[in-house]
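The chain is numbered in sequence order, starting from 1.
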Amino acid sequence: PVSVVTIHDFVWRVVPETMPVQRRLTERLLMARSIRSADRIICTSNAIAKELGTLYPPHGGKVNVIPMASTLQFADVTPPSDPPYALFVGVDPRKDLGSAMAGFGAFAQMPGAGGCELHVVGAVTRQEAPQSVRFLGNLSDQALAMQFAGCRCLLFPSRYEGFGLPIVEAFAAGKPAIVADTPVGREVAGAGALFVRLGDAVGIADGLASLMLDDTEWRVRAAAACARQKRFSWDRSARQTFSVLVGDVISQVPTSSAM
């Protein structure tokens, strides 16, 4: 039988402190076995494919890069009638809510920022925060689509990602993003985002000022986000995955020798 494995990230290696110990050890053990035994490997980004080639050099030639895409539906979504807000999505510690909160706090002190909010999606531990920070908990796909549709921008300072699906979800809603400057962030977001250094609260505050208060900058980044999101399609990714599967099946069918 043909064996195909999908590798989404190497969290266990890059930011192991953000994972429960048992899960970290399990992923480290099983992922290595899966990579070694697979006929083909699918990675969701070139950045992860490069990491795989570094960690497991003999197996880098088995990799196909097939990106993810948004499944959120925006056609019949009515944005919430809230004050202007930036949207933070995520629950893992590596998403760096702390830097997002610190950056938003600094931004909130800037002239013109009064009334702006930060909406936090995910079952995170609520922190002491001003009323302008709203913790929304886990949301349905429809409610999440509403939040993306209504936000001014996505705030995504994640320390490490295998792809960064919220970026593409924001782009599908026509919204730009503020993204941590990592290889996968650059690869996925392109010109649709402003990039900040890891953990840089001042950079986050400046990025929020650009996208929350400067309409010209927002329009430029939003247009780039809309153009960028056309690169990501589940239909296209499904066809690419099917091609990997079928190609390997055909390659393993024995040919009959001429009589």
Nearest-0.5 Å distance, [atom1] of residue [X] to [atom2] of residue [Y]:
X: Gln147; Y: Lys175; atom1: CD; atom2: NZ; answer: 10.5 Å
X: Ile66; Y: Arg239; atom1: CD1; atom2: CZ; answer: 11.5 Å
X: Phe171; Y: Leu154; atom1: CZ; atom2: CG; answer: 8.5 Å
X: Thr44; Y: Glu187; atom1: OG1; atom2: CD; answer: 8.5 Å
X: Asp39; Y: His59; atom1: CG; atom2: NE2; answer: 11.5 Å
X: Gln73; Y: Gln142; atom1: CD; atom2: CD; answer: 10.5 Å

Legend entry - Residue pair Pro83 / Gly115: nearest heavy atoms and the distance that separates them: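 For Pro83 and Gly115, the tightest heavy-atom pair comes out as CB-O, 3.1 Å.
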Legend entry - Minimum heavy-atom distance Ala86-Leu208, with the two atoms named: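 Closest approach of Ala86 to Leu208, heavy atoms only: CB-CD2, 3.7 Å.
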Would you mind reporting whether [Y] and [X] have side-chain heavy atoms less than 4.5 Å apart?
X: Gln131; Y: Val133; value: no
X: Asp92; Y: Lys95; value: yes
X: Leu52; Y: Ile7; value: yes

Legend entry - Residues Asp215, Arg152: salt bridge by 4.0 Å N-O rule: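 Between Arg152 and Asp215 there is a salt bridge, with a charged N closer than 4.0 Å to a carboxylate O.
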Legend entry - N-O pairing of Arg94 and Glu161 below 4.0 Å: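 Yes, charged N to carboxylate O under 4.0 Å.
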Which one of [options] satisfies the side-chain contact (heavy atoms from CB on, under 4.5 Å) criterion with [X]?
X: Tyr85; options: Cys116, Ser132, Cys151, Cys153; result: Cys151
X: His119; options: Leu155, Leu136, Leu139; result: Leu136
X: Asn46; options: Val188, Val63, Val65, Val184; result: Val65

Is the [atom1] atom of [X] crowded by more than 12 outside heavy atoms at less than 6.0 Å?
X: Lys50; atom1: NZ; answer: no
X: Glu17; atom1: CD; answer: yes
X: Arg236; atom1: CZ; answer: yes

Inset, instruction - For the pair Gln240 and Ser243, evaluate side-chain hydrogen bond (donor to acceptor under 3.5 Å, both in side chains) and give the outcome as yes or no after the intermediate values. - result: CA-CA 5 Å; Gln240 292 172 334; Ser243 178; over 6 Å; no
Legend entry - Pair Phe163 + Phe232: ring centers closer than 6.0 Å: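 Between Phe232 and Phe163, which both carry aromatic rings, the centre distance is below 6.0 Å.
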